[in-house]
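See below for the structure under consideration.
For clarity, every value in this text was computed on a predicted model and none was experimentally measured.
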Amino acid sequence: MNENQQPLQDEENTAKENQAAAPAETGEPEQPESPAENRVFGMPRTCFRGTALGVAFGFLLCGFAGILFDVQLDSTMCVIVCAAAGYLISRMVYKKRGTDASQNSK
């Protein structure tokens, strides 16, 4: 056995130990451990998804306006306006879910 084979065997042993120490899969989805995991770029995950959908809708709107009406819109402004609208709508949904959850827990 040369010196290059020893670390590989150590890694295999460590992998086997980790598999033995890992808890069995229950099939349930893992819950986030902290509220920080529910945030993307500092905003709640719901708001991030709404903003991303707004950006996508802005690009589609700009493209369809160009195809249907033969008008060239500034895609940057269109995307910013739609992203802001998506953020505001998803923020209202996020707050509504929070108030509903707090009322149901009482």
Contacts table for residues 71-95: side-chain donor-acceptor under 3.5 angstrom, sequence neighbours left out:
from: S90; atom 1: OG; to: G86; atom 2: O; distance (Å): 2.9
from: S90; atom 1: OG; to: Y87; atom 2: O; distance (Å): 3.0

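- From D100, atom CG reaches atom OG of S102 across 7.5 Å, with rounding to the nearest 0.5 Å.
- Pairs engaging residues 42-77 under the ring pair (Phe, Tyr, Trp, His ring centres under 6.0 Å) rule: F41-F48 [sequence neighbours left out].
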